[in-house]
Each structure stands twice: as C-alpha cells, then as structure tokens.
Chemist: 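Okay, here's the structure, questions in a sec.
All ligand and atom numbering here is 1-based and tracks the order in the structure.
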Amino acid sequence: MKLGALEAGGTKMVCAICDENGNVSDRVSIPTTTPEETMPKLVDYFKNHEIDCLGIACFGPIDLREDSKTYGYITTTPKPGWANTDVVGAFKELGVPIGFDVDVNGSVLGEVTFGIGKGHKHVIYITLGTGIGMGVYQDGKLLHGMQHPEGGHILLPIHPNDPMKKAICPFHPNCFEGLASGTAIRARWGKGGQDLIEKDEVWDLEAYYIATALVSYTMTLSPELIILGGGLMHQSEQILPRVYKEYAKLLNGYVKTEQTMHPEKYIVCQSLNDNQGILGAAMLGLQKLRG
Ligand code: ZN
C-alpha cells in the first residue's frame, strides 16, 4: 500500500511515501512560504505518486471538529499568511481518505506505532524546537477534547534568576514555549542552543522550565512514558541529566510509581531518528482509510 504523509511545519513541509511497516520510499522537503505558493507544490507531489490515502500532521492550532465548517483549517497561527488556511480542502482533489491531526499528535502516534512508545497506552510527546508542543496518546488513542491539547502554552512560574523577565510568546507573558523554546533561548542569550553548550546557566534554566512542565503533565495526564523530541534534543546531553534532577526535586516524592522513581527511564528521547512525525502522519492516513 502507498501511504502519503505530510508533516506540515512552519519552516518546511515534508512530503513522503511510506508503507504500513514504516518504510519510507520517497521524501521531499519544501520550504513553507505562503499558502498560495506552497500548497499547490504539495498537492502536485502526491498527485504524482498514486497514493491510497493521505495523512497530514500539521502545525497548529488547527480545527479538528469534523462537524465544523472550518474542519481541516489552520486557525489562529501567528505565522504570517497561514491563519484560516484550508489545509485538508486543498487535497480533496486527490480523491483519497485524508487523516488530519496536529503535528505533535502525529509524532506520538509514530512513536507508539514504531518506536519507544510501542506497547504503551498512555504516552505524551513533547517537541522542543523553535516552538513547543505536546501530543497526547491516552487510553490507546490520540487525545483531542474540545480542540487538541496546547501543552506548549501552559503557564509556568518565571525563575527568579531568569535574565528574561517576560516570555516571548505574543499571547502569554509566561508560557512554556515563550520561556523555553529554541526561539526563547536565542532571545535570552543572543545565540542558539548549539552555540551555548558550555554555559551551565543556559541548561540549568532550560531544565527548570522543562521539568516544571513535565511535573504538571504528570499530575494532570498521568502518562506512562514521556518522550522528548525536536531540535533542542540535539543537546540532550546538556538537557536530560538536569531535567531528571529537577523533575525529582519538583515532584518531591508526591507521585511514587515505578516510572516517576526512575525519571531516566520515564523521560526519554525520541527513538525514530526524527522520522516520528512523518511516520505518524502516514498512520493518520491509514487510520482514516481503515475507518
Ligand atoms: Zn504562549
């Protein structure tokens, strides 16, 4: 079977052809410019591959309510030109079933189907990159609720030693993404994470924000496994040991399970070599095809 997969990101669009076993036979990356310029290129790619279904894992926020007039749209994104874009509608001419979900739900689906999340029923996936997002796999399926969780925008206490007194999010003065994304690191320290490897203060602060968010997710969603991915995890050697320490300190023994007692096994790095998003997107299409 030929499964079309689109990982729609704010910087680039990755289109791929996969099979049910997670093999990727073709892949292209197209820069995300304007919808008018980018969308036709994506449609053309899939037209040329005679796919059986298409799965789209898209940056958000998006409308996932199937009875809504704007189902399949990107809604309120601050990315210029992309608010109120009909993503699913653009691919209707392909005439195949289309699965649609938020990018991080795609990534968690990729990990529970093919990666380290396999065999688990309650898993969360957090992407730490230019933005921050959280996908939730709860009781064996992707969690949507009213819309979809927006775990990147939970509000966190600003650390007293943080030289940046206000988060960089245009919506919130103290949200997780605005304090801890790669963009926030650059705003605070004037350089990207890869150029700050030796600076303990950068990673101590980063670990504080990540651990604070993870404690909140533990308390509210009770996941069995927490998977971290995204560009910042290329600095996992700086981040993970500090997160384990800070997580244990902040949780303070309140939730005592096999998982929380061993944060190094509970909080892990993505396992699919950054293919979790595209493979999860393919699975979104397959789910739709199988109804
Ligand atoms: Zn925010």
Chemist: Is it true that atom CD of Glu237 has more than 12 heavy atoms of other residues, nucleotides or ligands lying nearer than 6.0 Å?
Modeler: no

Chemist: Could you work out, with side chain to side chain donor-acceptor pair (under 3.5 Å) as the rule, every residue matching Gln259, not counting sequence neighbours?
Modeler: Thr257

Chemist: Excluding waters, which protein N, O or S atoms are within less than 2.8 Å of the Zn ion (ligand 1)?
Modeler: His153 ND1, Cys169 SG, His172 ND1, Cys175 SG

Chemist: Please output the side-chain donor-acceptor pairs of residues 116-132 that fall under 3.5 Å, not counting sequence neighbours, one pair per line with the distance.
Modeler:
residue	atom	partner	partner atom	Å
His120	ND1	Glu224	OE1	3.2
His122	ND1	Asp139	N	3.1
Tyr125	OH	Gln276	NE2	2.8

Chemist: Checking Asn23 now: which residues fulfil side chain to side chain contact (heavy atoms under 4.5 Å, CB included) with it, not counting sequence neighbours?
Modeler: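 Partners of Asn23 by the side chain to side chain contact (heavy atoms under 4.5 Å, CB included) criterion, ordered by chain and then number, come out as Asp19, Asn21.
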
Chemist: Classify the side-chain pair Asn161/Tyr208 by whether it contains a donor and acceptor separated by less than 3.5 Å.
Modeler: no

Chemist: Quick check for you: to the nearest 0.5 Å, what is the distance between Asp63 atom CG and His148 atom NE2?
Modeler: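 Asp63 CG to His148 NE2: 8.5 Å, rounded to 0.5 Å.
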
